[in-house]
Number of protein chains: 4
Amino acid sequence: MKTGLNKREKNKELNRAAILTAARILFGESGYSDTTVRDIIGRTGLASGTFYNYFRSKEEIFKALRDETARQVRPRLHAERSRATSLSDFVYLTFHSFFETIKVNRDLYEITRRNSGMLRLQQDTPEIIAGLRDDVEDAIRRGLLPRIDLDYFVPAIIGVALEVGDAMIQRIPLDVEAAARFASQLFTGGIPALSVPEGGA
Amino acid sequence: MKTGLNKREKNKELNRAAILTAARILFGESGYSDTTVRDIIGRTGLASGTFYNYFRSKEEIFKALRDETARQVRPRLHAERSRATSLSDFVYLTFHSFFETIKVNRDLYEITRRNSGMLRLQQDTPEIIAGLRDDVEDAIRRGLLPRIDLDYFVPAIIGVALEVGDAMIQRIPLDVEAAARFASQLFTGGIPALSVPEGGA
Amino acid sequence: MKTGLNKREKNKELNRAAILTAARILFGESGYSDTTVRDIIGRTGLASGTFYNYFRSKEEIFKALRDETARQVRPRLHAERSRATSLSDFVYLTFHSFFETIKVNRDLYEITRRNSGMLRLQQDTPEIIAGLRDDVEDAIRRGLLPRIDLDYFVPAIIGVALEVGDAMIQRIPLDVEAAARFASQLFTGGIPALSVPEGGA
Amino acid sequence: MKTGLNKREKNKELNRAAILTAARILFGESGYSDTTVRDIIGRTGLASGTFYNYFRSKEEIFKALRDETARQVRPRLHAERSRATSLSDFVYLTFHSFFETIKVNRDLYEITRRNSGMLRLQQDTPEIIAGLRDDVEDAIRRGLLPRIDLDYFVPAIIGVALEVGDAMIQRIPLDVEAAARFASQLFTGGIPALSVPEGGA
DNA sequence: CATGAATGAGGTTTCATTCAT
DNA sequence: TATGAATGAAACCTCATTCAT
């Protein structure tokens, strides 16, 4: 039955979730290579062999984490962006939803950042960002954006999102709106639009 | 003769260079953790112990590579930027010199990209980028740039430089000017300035 | 059952004991530095990594061996000596219990002998001897021994115990009483007391 | 010619001596296994390959050091002992000359102590002590000593010499006479002869 | 002879993975 | 399924010794 999991099945789910969580934290903190399977399983209190009841290898859990990110994050980013009705709207929502996601899922984000090119697990674009190109193409079709060289434009968005995102996280207080405003002003009007009024910090 | 190196010294230079080159390639291809000392020395045809005649540890050769980058690249980027006489000039030269550097030292660039957050070897800002903030501050003092929030602006430049730089490298033909033009237009006038005339790619 | 160990636990005990025994023999034969972890584990038939399931390092197993000695030997030597009621009694029991211990734990003794000053693992006094000074001080308080310069007297006992002990072990038949008699006569009456009747060996 | 060494030959002698001295110090400080050929040669300022112009191997220099000890020390100890005219004389001179030797050649002594059973280089009796048995047998023949079990007596002397010698070295001020007096009193009259007058240290 | 870089066997230790319980 | 000891390949590094200069 879909609705009810018996005790055994429920425990399986919990264990799997616990292992994933531990891996998420550790990959984020130390990177893929410097995180051992023992580190991961040790954080859960389970025995080391148990790891292999849930994941076939260390590589597999890394991929599972990526997929999780994709499943959770992509639809959300897409939904936000599709509400846009103007260029500045589109840009602001893109950055805002991305920064908001970073703030909420900081550990998943760390993994993507710290292990971008690792092993041979990499994709050209981190999952957390996937889907952006489609949405941009759609925005062009909808007339929100002018015709642009996407091979440079999409990376430009990504670059700003990642680096300004990093800066945002380190800043106190953590202000998603301010960061999103900064990035979207840059993309909407360039440097002149960024000018800080008199005694700005 | 004072000027020339004798055979022994010349050979030492060659070996050291060979080891550095091998490390550069492998760190770039596989990252720091997944590159073994044996991989490195194996590529040179030397014996495994010989590695340690030149570098005290795996970590040390990594640092040596980084320092090499810094010594080669920083002064050059700085020199280019300090020639700027206007906002658009400053931005264009910044991106252009960076992309040019990437093109020439592609392997060194890969290392920095792939190992940014790795191990505990990282610095907050990869060497290849260090110095940018100083130059931007200087440009503001010189009136080339308006007063801006540097904690977001500098990362924004870096993000675009890195991601557009990656895109540029994969593109054939490799066109530094085009990439620099794109990035500086974005920073100078925002998306509207990017608009591609009719039949653009 | 609480009292018995199951198969797993029993096997663990056996393996740990096997590793300790192998180390004991090899350290005794070749000394600490010239005994490799591979030698030790090889003697047990276990895989090389297994060593590190039981001891964190080569140094640790050495210490474990020492502690084992201490736990086994010290209380026993102390108990014997505290039974003494006269000077000659005290001296005889001291040597006798020491020689008896050597005889029984010959391999542990070899380790202590061969590695006394080694590496930086040493303690000033090998465990096998520790406690002697306390007992001597106690004997002086109890009036069994006169007031003596302990900084020379304790080493003198130790020196005779070790060297005569070595000689005893090589002698056939191994006669603990004879060795103890010799040493205690020397300490009780000096050389004159050692005089061998007519046809002595 | 015996009398004059030319410059080349003199330098050879100096180098050989320098290497031996360095080895003596280092073997004494760290033991045979933990001293590297590079450590030794490094202390002399010579190049590592040069070591092998003087000694065929690390083991050989160790043996050379042993032989040096024997050549220097044995005759001297023998000469001192043969002057003895009574039991107490013999015993006192034996210990005194040994302690005096220790004091003067502390580094050679350390080597013998720290590496007694090492490698397979050991002899049953350290070189520094060799010859003792012969002298004792001679003393018995000369009527200085009673007939004694030499297999225990010689080791007893050695044990006291080594251990009291160690204690003496650590004591400040270093008093050879006091140590020799202690040891010879013990051997002459046993513990009763050691009794310290009232407020002795 | 002196030099010091090159050699490569071998040392200690780690860790993903397997498997008997 | 859970356990955790066993496995063994492989990582980093050391060092006695050789050899071209």
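Note on naming: letters A, B, ... go to the chains in the order of the sequence lines (proteins, then strands), and numbering restarts at 1 for each one. All heavy atoms count here, side chains included; hydrogens, waters and symmetry mates do not.
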Roughly how far, to the nearest 0.5 Å, is [atom2] of [Y] from [atom1] of [X]?
X      : Y      : atom1 : atom2 : answer
A:K12  : A:N53  : NZ    : CG    : 8.5 Å
D:D107 : D:N105 : CG    : CG    : 6.5 Å
B:K63  : B:S57  : NZ    : OG    : 7.0 Å

Under 3.5 Å, N/O pairs linking protein and nucleotides 18-21 of chain F:
residue: F:dT21; atom: OP1; partner: B:K7; partner atom: NZ; Å: 3.2

Please report, rounded to the nearest Å, how far the [atom2] atom of [N] is from the [atom1] atom of [X].
X     : N      : atom1 : atom2 : result
C:R16 : F:dA6  : CZ    : P     : 12 Å
C:D34 : F:dT14 : CG    : P     : 19 Å
D:L46 : F:dT17 : CG    : P     : 18 Å
A:E59 : E:dC15 : CD    : P     : 18 Å
B:L14 : E:dA6  : CG    : P     : 10 Å
B:F55 : F:dT14 : CZ    : P     : 15 Å
B:F51 : F:dA11 : CZ    : P     : 14 Å
D:E13 : E:dA2  : CD    : P     : 12 Å

Between B:T35 and B:L26 (side chain of the first, backbone of the second, donor and acceptor by atom type, cut-off under 3.5 Å), is there such a pair? yes
Using modelled atom types only, decide if a donor and an acceptor are shared between the side chain of A:S33 and the backbone of B:S33 within a distance under 3.5 Å. no
Among F:dT1, E:dC1, E:dA6, which nucleotide sits nearest the side chain of D:Y54? E:dC1
Side-chain donor/acceptor pairs under 3.5 Å, residues 14-25 of chain B, sequence neighbours excluded:
residue: B:N15; atom: ND2; partner: B:N11; partner atom: OD1; Å: 3.4
residue: B:T21; atom: OG1; partner: B:A17; partner atom: O; Å: 2.9
residue: B:R24; atom: NH1; partner: B:E68; partner atom: OE1; Å: 2.7

Hits for ring pair (Phe, Tyr, Trp, His ring centres under 6.0 Å) against B:F55, two or more places apart or cross-chain, chain-then-number order -> B:F51
With sequence neighbours excluded, residues passing ring pair (Phe, Tyr, Trp, His ring centres under 6.0 Å) with C:F27: C:Y32, C:F62
Please walk me through it: do A:I61 and A:Y54 pass side-chain contact (heavy atoms from CB on, under 4.5 Å)? CA-CA 9 Å; A:I61 198 177; A:Y54 292 94; over 6 Å; no
Polar side-chain contact B:N53-E:dA5 base: donor and acceptor under 3.5 Å: no
Can you list, in residue-number order, the parts of residues 35-42 of chain D that come under 4.0 Å of DNA chain F, counting heavy atoms only? D:T35, D:T36, D:V37, D:R38
With a 4.0 Å cutoff (strictly under), does any side-chain N or O of D:K12 reach OP1 or OP2 of E:dC1? yes
Using the closest heavy atom to pick a nucleotide of DNA chain E for each, name whichever of D:N11 or C:K58 lands nearer the 5' end. D:N11
For residues 36-48 of chain B, pull every pair meeting side chain to side chain donor-acceptor pair (under 3.5 Å), keeping only residues two or more places apart or in separate chains. B:T36-B:D39
Stems in DNA chain E, runs of 3 or more consecutive Watson-Crick or G-U wobble pairs with both distances under 3.5 Å, sorted by first number, are E:2-21 with F:2-21
So A:V73 and A:Y109, do their side chains get closer than 4.5 Å, heavy atoms only? no
List in chain and number order the residues that pass salt bridge (charged side-chain N to carboxylate O under 4.0 Å, His left out) with B:R56, two or more places apart in sequence or in another chain; answer none if no residue qualifies. B:E60
